[in-house]
Amino acid sequence: MPLSDVEAVLRILSDVMPGDSKSARGPKRAASPFRSCVSCMLSAQSLDRNTAAATKALFKLARSPKGMLKLSDAEIVDAIRPAGLYNMKARNIRRFCEQLLRDYDGVVPATRDELLKLHGIGRKCADLVAHFAFGEAHIAVDTHIRRVCQRTGLAAGKVEAQIAVSLDERAPDWAKPEAHFWLLQFGKRVCKSRTPQCGVCPIRQFCLFPNKSA
């Protein structure tokens with residue numbers, strides 16, 4: 001998709017899709033950068049409600065990297081069980097806390113580049129934490145935004161991290177603070193996985209998807 005069309009698409013979505021709101025749920029609404037990181041790690045292949053339940057249970061037991069490391073593996077696993085993949089996630093949380101204390105004095109770094117150095121923090125988590133905890137203008141790419149970008153031609157890439165890089169390069173600066181929300185809601189409401197609503201799509205004229213439905 002030409003860059004001029006990228007801007008036009010984002011202008012349209014900014015008018016028809018909701019932006020940031022205080023009612024938004026998920027790891028981006030965590031009370032602290034540390035909690036945000038842990039919640040984001042727990043969110044992998046987990047429903048929002050299960051992630052929230054696991055995060056709440058874990059942070060009832062400990063609220064800091066030092067506190068987490070005082071917990072046994074069994075305590076962490078039992079707390080985060082609702083989020084699934086609990087054995088792997090428990091190991092990731094422990095290694096994340098160890099690295100945070102060793103390399104950053106227990107303080108979560110504020111930039112995406114530094115966040116990406118932390119164990120268990122991938123591009124999506126880094127963008128979410130940098131954006132929502134520290135106010136950096138990044139567009140975090142999840143499965144819905146990946147689908148929208150691949151279908152429409154908005155950004156290129158086979159996996160979410162590649163698409164995030166492409167989208168960061170192609171999206172105008174004015175759109176970055178809110179584009180995550182516009183694209184996310186557009187993917188959930190219109191550009192759905194199995195039944196895309198092409199007939200009512202507000203950006204149909206720009207979309208490069210070859211198999212549009214009526």
Side-chain angles (χ1 to χ4, degrees), residues 1-29 36 39-40 43-49 51-52 111-113 115-116 121-214:
M1 182 185 294
L3 288 177
S4 58
D5 288 357
V6 170
E7 177 142 11
V9 164
L10 292 174
R11 288 285 184 193
I12 292 170
L13 294 182
S14 72
D15 289 335
V16 300
M17 291 294 152
D20 192 2
S21 69
K22 293 182 179 179
S23 63
R25 298 178 179 178
K28 57 185 172 291
R29 288 300 171 205
S36 184
S39 182
C40 195
S43 72
Q45 300 183 46
S46 172
L47 296 174
D48 283 352
R49 63 175 179 270
T51 300
T111 67
R112 178 173 62 197
D113 289 345
L115 285 162
L116 283 170
I121 302 295
R123 176 66 185 246
K124 182 179 75 172
C125 280
D127 282 343
L128 281 171
V129 175
H131 187 133
F132 295 103
F134 297 108
E136 297 294 316
H138 300 311
I139 305 174
V141 176
D142 67 356
T143 184
H144 298 289
I145 297 175
R146 173 183 58 78
R147 181 175 66 252
V148 168
C149 289
Q150 289 178 328
R151 274 185 180 165
T152 63
L154 195 63
K158 293 183 178 181
V159 297
E160 292 172 5
Q162 293 171 342
I163 291 169
V165 172
S166 176
L167 191 57
D168 187 55
E169 293 173 348
R170 292 168 61 78
D173 289 342
W174 64 264
K176 291 179 180 178
E178 298 276 320
H180 169 82
F181 292 99
W182 307 330
L183 292 167
L184 177 64
Q185 293 303 319
F186 176 67
K188 288 183 175 181
R189 300 181 182 190
V190 181
C191 198
K192 300 179 182 180
S193 177
R194 296 185 180 181
T195 56
Q197 308 297 300
C198 301
V200 297
C201 178
I203 62 168
R204 181 183 178 118
Q205 62 179 321
F206 300 104
C207 177
L208 302 180
F209 186 49
N211 300 315
K212 295 182 181 69
S213 60

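Just so you know, these numbers use all the heavy atoms, side chains as well, and skip hydrogens, waters and symmetry mates. Quick caveat, the model's predicted, so the values are computed rather than measured.
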* Can you check whether Pro177's main-chain N or O pairs, donor with acceptor, with His131's side chain at less than 3.5 Å? -> yes
* **Nearest atoms (heavy-atom pairs only) where Ala179 meets Ile139** => CB-CD1, 3.6 Å
* To do: Flag the pair Arg147 / Ser193 as yes when at least one side-chain heavy-atom distance between them is below 4.5 Å, and no otherwise.
  => yes
* Shortest non-hydrogen contact from Val148 toward Gly187 -> CG2-CA, 3.6 Å
* Asked: Can you tell if the side chain of Ile203 reaches within under 4.5 Å of the side chain of Val190, non-hydrogen atoms only?
  -> no
* Derivation and outcome, disulfide (SG to SG under 2.5 Å), residues Cys125 and Cys40 -> CA-CA 6 Å; Cys125 280; Cys40 195; 2.3 Å; yes
* **Donor-acceptor pair, side chain of Ser166 and main chain of Ala155, under 3.5 angstrom** => no
* Asked: Within the side chain of Gln162, is there an N or O that forms a donor-acceptor pair under 3.5 Å with the backbone of Ala156?
  -> no
* Heavy-atom closest contact (Cys198 atom, Lys212 atom, distance) -> SG-CA, 3.8 Å
* Asked: What are the two closest heavy atoms between Ala164 and Asp127, and how far apart are they?
  -> CB-OD2, 4.1 Å
* To the nearest 0.5 Å, what is the distance between NZ (Lys188) and NE2 (His144)? -> 5.0 Å
* How many angstroms lie between atom CG of Leu154 and atom CZ of Phe186, to the nearest 0.5 angstrom? -> 9.5 Å
* Asked: When rounded to the nearest 0.5 angstrom, what distance separates NZ in Lys192 from OG in Ser213?
  -> 11.0 Å
* To do: Answer yes or no: is there a side-chain heavy-atom contact under 4.5 Å between Arg189 and Gln197?
  => no
* Asked: Should Arg123 and Val141 count as side-chain neighbours, where that means a heavy-atom distance under 4.5 Å?
  -> no
* Asked: Between Leu13 and Pro202, which heavy-atom pair has the shortest distance, and what is it?
  -> CD2-CG, 4.4 Å
* Asked: Roughly how far apart are Asp173 CG and Asp168 CG, rounded to 0.5 Å?
  -> 8.5 Å
* Separation of Gln150 CD from Ile145 CD1 (nearest 0.5 Å) -> 12.5 Å
* Heavy atoms, side chains only, cut-off 4.5 Å: are Cys149 and Leu167 in contact? -> yes
* **Non-hydrogen side-chain atoms of Glu136 and Arg112 separated by less than 4.5 Å** => no
Please tabulate, one pair per line, all N/O donor-acceptor pairs under 3.5 Å involving side-chain atoms of residues 3-11, not counting sequence neighbours.
residue, atom, partner, partner atom, Å
Glu7, OE2, Trp174, NE1, 3.0

* In sequence, state the C-alpha distance, the side-chain angles, and the governing distance for Ile121 and Val129, and then conclude on side chain to side chain contact (heavy atoms under 4.5 Å, CB included). => CA-CA 10 Å; Ile121 302 295; Val129 175; 5.7 Å; no
* **Distance in Å, Leu115 CG paired with His138 NE2, rounded so as to fall on 0.5 Å steps** => 8.5 Å
* Check ion pair Lys124-Asp142 (N to O, under 4.0 angstrom) -> no
